[in-house]
> 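Here's a structure for you.
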Amino acid sequence: MTNLQMTGILEKMTGKDKDYRYMATSDLLNELNKEGFKADADLEIKLSNIVLQQLDDAAGDVSGLAVKCLAPLVKKVSEARVVEMTNKLCEKLLHGKDQHRDIASIALKTIVSEVTAISLAQSILVTLSPQLIKGITSPGLNTEIKCECLDILCDVLHKFGNLVADDHEVLLNALLSQLNSNQATIRKKTVSCIASLASSLSDDLLGKATVEVVRKLRSKGAKPEMIRTNIQMIGSLSRAVGYRFGPHLGDTVPVLINYCTSASENDEELREYSLQALESFLLRCPRDIYSYCHEILHLTLEYLSYDPNFTDNMEEDTDDESLEEEEEEYVLKNAYLESANEYTDDEDASWKVRRAAAKCLAALIVSRPEVLANLYEEACPQLIDRFKEREENVKMDVFNTFIELLRQTGNVTKGQIDMDESRQVSVSVKKINFPRWLLKQEVPKIVKSINRQLREKSIKTKVGAFSVLKELVVVLPDCLAEHIGSLIPGIEKALNDKSSTSNLKIEALIFTRLVLASHSPSVFHLYIKALSSPVLFAVGERYYKVTAEALRVCGELVRVVRPNIQGVGFDFRPYVHPIYNAIMSRLTNQDQDQEVKECAISCMGLVISTFGDNLKAELPVCLPVLVDRMGNEITRLTAVKAFAVIAASPLLIDLSCVLENVIAELTAFLRKANRALRQATLGTLNSLIVAYGDQIGSSAYEVIIVELSTLISDSDLHMAALALELCCTLMADRKSSPNVGLAVRNKVLPQALTLIKSPLLQGQALLALRNFFAALVHFANTSFDTLLDSLLSRAKPSPQSGGVAKQALHSIAQCVAVLCLAAGDKKCSSTVDMLTDILKDDSSTNSAKQHLALLCLGEIGRRKDLSMHANIETIIIESFQSPFEEIKSAASYALGNIAVGNLSKYLPFILDQIDNQQKKQYLLLHSLKEVIVRQSVDKAEFQDSSVEKILKLLFNHCESDEEGVRNVVAECLGKIALIEPAKLVPALKVRTTSSAAFTRATVVIAVKYSIVERPEKIDEIIYPEISSFLMLIKDHDRHVRRAAVLALSTFAHNKPNLIKGLLPELLPLLYDQTIVKIEMNSDQHFGRVAAVTAVISHAMMWLLHRITMQLLDLQMSLAHHPYYILAGFSDFKSCLLQQELIRTVDLGPFKHIVDDGLELRKAAFECVDTLLDGCLDQVNPSSFIVPYLKSGLDGHHYDVKMPCHLILSKLADKCPSAVLAVLDSLVEPLQKTVNFKPKLDAVKQEVDRNEDMIRSALRAIASLNRTSGGDCSLKFKNLMSEISKSPTLWDKYYSIRNE
């Protein structure tokens, strides 16, 4: 726009007609918002003056538009103009007319919010800060001006607090003086202002502010309102600065607790503010508040039931569960009337105290997972008792607190097996209390109390009650079996009552679905009639979310009504047609939400598969509807899955009316790009062909086979596995014509032979491929010799792709073995002879053939006894002499697997060879390992004489200098321990005290291999002895310590309940392994002691070492005590024991630093990561994050930082309060990582590693950003801002966030 046009707008803005002024101001706003708008110096002056003038316009809508103009204007004019406008607005605020003050305040806030440039902000603050301070402290100014100045200053400090560091002390003194104001509004705004300032204050000034506030609290004779303000100030400070407030808790917590307990009866606000401050301490300073947690717990429990003005005669427990509602309401009403005579509800503020106590208790639950068992003993009964709370809002907070307790129980016990938790055994340590077991004991009380709440009239109360029940079922899936009868009336009432809201119905239906899915069907059979009616009625609800949830409940109801085909013990037939009719009405209705459509389709699939034999007349009606839904792009995936359920039904539902159409539709779906649809289609086709193959023509099979051939590749192994399984099903069908086998050989076999060469092939895909080759021989009349030649030829290197991958050779060998067994003994024997002939050829040019021959012999020998082939073991062992390592490894593998086929013949041979062939011991031990591992997997046992020989041999090799030998020995011992635990565990325990460090390390690793996920008989035997192995974590040898850490990690992953009792003692020792150990530094740690020890003799040094080790044992026995502190001793011990872990190697022209402790630190961090999954209730996150996790994040090595990022992500999800409390200290190491750039001459491996590191750090940052409250950290906000401004980092972060 030209200056002439702009001048016209400005002239109209000063006109007398307010409509002209409004339109002109609106035009100006539009112009200012245009990106290309620019103004010269003269126009800037005119614009700034006219906008400021318009702020005082008598017409409110014009002045409002003028304020909006300020936002873009600040970005379009020079710095000097913005400063000038700010000064003028300050003048208006402080000395202008009353009617202009509000708009001036809004305008200043707008400018502050729009300023982003640091230089501009600094220029504004130079003049703005002193004027605001003047407005706050000048005695002549009225309250309104002070309040406006405080509001603006709060915004300034929140955004630019770090830019006024020089004025912090002046600002703090000015604000602290206002805490004594007689005006409550000024005190309240001052509290917010100081909190905004606190986040950027130095530790000294923060300490000064805290000391001043505490001094005021401790002063005698202070007015109650001043005390309340100062307590609010304490809480706001802790919320603003987080963990930095921790050092001041010793001064503040006792004062707050004292005020809570000694406040006058009517001073409810004082108690409320004190409890709110304590809640903030628990969430923001979890590490430093630890010593006060017990006291705070008792305080919250005391005030959770604080209700001095009300006595409810119905609060005492009664055994009369059949009390009529009318009687309850009558008695309750009388109680209210009696209390009302003394004290009205309007005057009663005690509910605020109870609400604050509930929230404080919730903060304790969330922030201290390690005291969960104690919380169940002390807090859980009182929380359940407080479900009777009379104030609805407080009752919701009590429900939410109990839900937090349940969720925390779910978090800390997730993935744990339910050993006999009621058995409180101990291993020389304190008793273990399992939270889940403790919760089970409270279930009857919970149900009794919740049932009372479900009889209440309040909708909100009922919703809260169902939320509690829902969370209870999620944590303890089978806990309500004995209480279903008492809960049914509450569910009925929630669904049938006309006053029930949609929200209540949805909560009731979700709970019903969860409880139906998690309990035995027989539990509900007595109540099906009462339950089914309201659920089926809910299916017809108008609100789609209620309908969808009701349909999901119907699906569970169908399974409950007829849990098996026999239907013995319960007559399901009366419910078949009502359920069918309710669902059919929804299935045929086109005008409804997609969620309802999908639920109706899924539910109808279940109904047909379960009740199909009772719906023969209805099938011709409903099945075409499902086929029609397959033709709809939106519902076809759900419909395909529904037909899979129907096809898998043991009732063999009559699908003749739709089968041809279904097969045609499904075959077409195999060509679709939608991966989920193709997967579902393959599964459904498989089920249909198994059940209805005799009704499907061979021509349809051939079309399917053509489509399958395109799905078999290593780009999607899961899809390839499903396609191969379907091929096997097609070939196995008795009705298959020869054309089907021909089609498979022509279309699918070439793809399978290509797939077998993939280095990615494993798991289910490999199993499906093995079955495919067996099926080719069994059912498709394929020549065995042709198939064998095709497989063996795949192992030949090709000029284009080079050699065949090792994994591909193993895959080919397994398929050859399966092929031989499928072809019969004669073909198998001839193949073995052919393979042994290859081995007899001494030519070194056919190493690839020999490699494959050995692997094939091993795979065949594992499945079939090859003792009829004379001297096969001798032929194989001769390959140990090969110059190629892969040949030797394959020979070792083959010998072990052949021994599995005939233990009595080949095991003594292997043992004899180990004793006599020293040079071949490593390979022979690997053969022995194959035998033992297979026996442990197959649950087979050795002869006693063999076990003795094996153990003697293995224990003799425990001290081998070769780490590879020791690892094989450890794995063998661990797997034998699974077979013979009674013999092995005592033998391993004895060797934990061996003088040889390698022996101690080997036996601990052996224990690691013996702990598997599935229950084993070794669990009971090793349980009392675990400490003997894991306490080697304080061994003086790093190899032994690392072995103990690895074993602890395995226990935590597979059997966490076995080690929970030891964790209080083990965790301090584990954390110590994460610290970087450096050369002993006398300046830092030892002072005078180091100076003396420098001159004493070597013998004295040894003596000192022995004494220190004894002191260490004493320290470790006390380390888990919460009140135990031994300053500096840990550092002394670390340096004394591990000073050798980082050493400098002189390589002549340069020096190289070697970190021998890297593997140990990496293992320790990975162990902590595992413990967070299974033993969260034993871990105190606050004591680990700083300093241990922080030191790992600060480290320089990839292998340590990566697990630290994973731990941080996990803690952000599971223990957000502990992370948020120290978030500021974690930002710097994360910032260094994401900004690190490798050297210009760095090799590709270093660059790729750095990229992985950055992505790992960004993943942790994304977890932190998802955590509610992360925006309280200014440093973290700045980090997020920095990432968003970097296109490279933001692209990576965005992709990670959306993973």
Side-chain angles (χ1 to χ4, degrees), residues 1-15 17-93 96 100-128 131-132 148 151-160 163 1277 1281 1284-1285:
M1 178 177 278
T2 64
N3 282 349
L4 185 62
Q5 290 172 307
M6 183 59 70
T7 303
I9 290 176
L10 297 180
E11 285 177 1
K12 290 180 182 178
M13 288 176 70
T14 57
D17 190 326
K18 73 172 185 178
D19 291 334
Y20 272 19
R21 296 199 305 275
Y22 178 85
M23 295 301 295
T25 309
S26 178
D27 290 342
L28 177 61
L29 179 60
N30 291 333
E31 291 300 320
L32 290 173
N33 280 321
K34 291 179 180 177
E35 289 186 10
F37 178 85
K38 289 184 180 179
D40 55 29
D42 290 339
L43 186 56
E44 281 185 7
I45 295 171
K46 290 179 182 178
L47 282 172
S48 58
N49 288 335
I50 197 72
V51 170
L52 290 179
Q53 180 183 323
Q54 293 295 88
L55 291 173
D56 298 335
D57 197 291
D61 50 357
V62 175
S63 61
L65 271 180
V67 170
K68 291 181 179 179
C69 287
L70 273 175
L73 184 63
V74 167
K75 299 173 182 177
K76 301 293 173 69
V77 299
S78 64
E79 191 174 295
R81 295 284 76 76
V82 179
V83 173
E84 181 186 343
M85 285 192 292
T86 305
N87 290 337
K88 288 180 179 179
L89 288 170
C90 278
E91 184 66 24
K92 282 186 181 182
L93 176 66
H100 298 154
R101 187 180 302 127
D102 287 346
I103 200 71
S105 173
I106 295 170
L108 276 171
K109 290 176 183 175
T110 302
I111 291 176
V112 169
S113 67
E114 293 299 324
V115 170
T116 54
I118 300 298
S119 59
L120 176 58
Q122 289 172 330
S123 300
I124 291 174
L125 293 174
V126 167
T127 55
L128 181 59
Q131 293 188 71
L132 291 176
E148 296 290 0
D151 277 341
I152 297 165
L153 184 59
C154 188
D155 290 349
V156 168
L157 293 174
H158 185 72
K159 192 169 184 181
F160 303 115
L163 298 181
K1277 285 168 70 176
S1281 175
S1284 65
K1285 290 175 183 176

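We number each residue from 1, following the sequence as shown.
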> Go through the steps to decide whether S105 and I152 satisfy the test side chain to side chain contact (heavy atoms under 4.5 Å, CB included), and finish with yes or no.
CA-CA 7 Å; S105 173; I152 297 165; 3.9 Å; yes

> Does anything in residues 17-26 pair up under salt bridge (Lys or Arg N to Asp or Glu O under 4.0 Å), and if so which pairs, sequence neighbours excluded?
R21-D57

> In Å, rounded to the nearest 0.5 Å, how long is the span from CG of N30 to CZ of F37?
12.0 Å

> Keeping K159 on the side-chain end and V112 on the backbone end, is there a donor-acceptor pair under 3.5 Å?
yes

> Ignoring hydrogens and angles, tell me if any N or O in the side chain of E31 forms a donor-acceptor pair with the backbone of D27 under 3.5 Å.
no

> Does the side chain of K76 reach to within under 4.5 Å of the side chain of K38, using non-hydrogen atoms?
no

> Of all residues at least two apart in sequence or in a different chain, which pass the side-chain contact (heavy atoms from CB on, under 4.5 Å) check with C69?
T25, L28, L29, L32, V51

> Would you compute the distance between atom CG of L47 and atom CG of L10 and round it to the nearest 0.5 angstrom?
5.5 Å

> Does the side chain of T127 come within less than 4.5 Å of C90's, by heavy atoms?
no

> Of all residues at least two apart in sequence or in a different chain, which pass the side chain to side chain donor-acceptor pair (under 3.5 Å) check with S113?
none

> Has the side chain of K92 got a donor or acceptor atom that lies under 3.5 Å from a matching backbone atom of N87?
no

> Can you name the side-chain contact (heavy atoms from CB on, under 4.5 Å) partners of Q122, sequence neighbours left out?
I118, L163

> Side-chain donor-acceptor pairs under 3.5 Å in residues 77-86, sequence neighbours left out?
residue : atom : partner : partner atom : Å
S78     : OG   : E44     : OE1          : 3.0
E79     : OE2  : S123    : OG           : 2.6
R81     : NE   : E84     : OE1          : 3.0
R81     : NH2  : E84     : OE1          : 2.7
E84     : OE2  : K88     : NZ           : 3.1
T86     : OG1  : V82     : O            : 2.8

> Quick one: CD1 on I103 to CG on L93, what's the gap to the nearest 0.5 Å?
12.0 Å

> What residues form a side chain to side chain donor-acceptor pair (under 3.5 Å) with T110, not counting sequence neighbours?
none

> Above 12 or not: heavy atoms from other molecules or residues under 6.0 Å from OH of Y20?
no

> With sequence neighbours excluded, tell me which residues meet salt bridge (Lys or Arg N to Asp or Glu O under 4.0 Å) with K12.
none

> Mind checking what makes side chain to side chain donor-acceptor pair (under 3.5 Å) contact with D151, not counting sequence neighbours?
K189

> Give, for atom CG of L89 and atom CD1 of I106, the distance between the pair rounded to the nearest 0.5 Å.
11.5 Å

> Would you compute the distance between atom CG of L43 and atom CD1 of I50 and round it to the nearest 0.5 angstrom?
11.5 Å

> According to the salt bridge (Lys or Arg N to Asp or Glu O under 4.0 Å) rule, which pairs have a member within residues 61-75, sequence neighbours left out?
K75-E114

> Check the surroundings of atom OH in Y22: do more than 12 heavy atoms from other residues, nucleotides or ligands lie under 6.0 Å from it?
no

> Within this structure, what is the OG-CD distance for the pair S63 and Q53, rounded to the nearest 0.5 Å?
12.5 Å

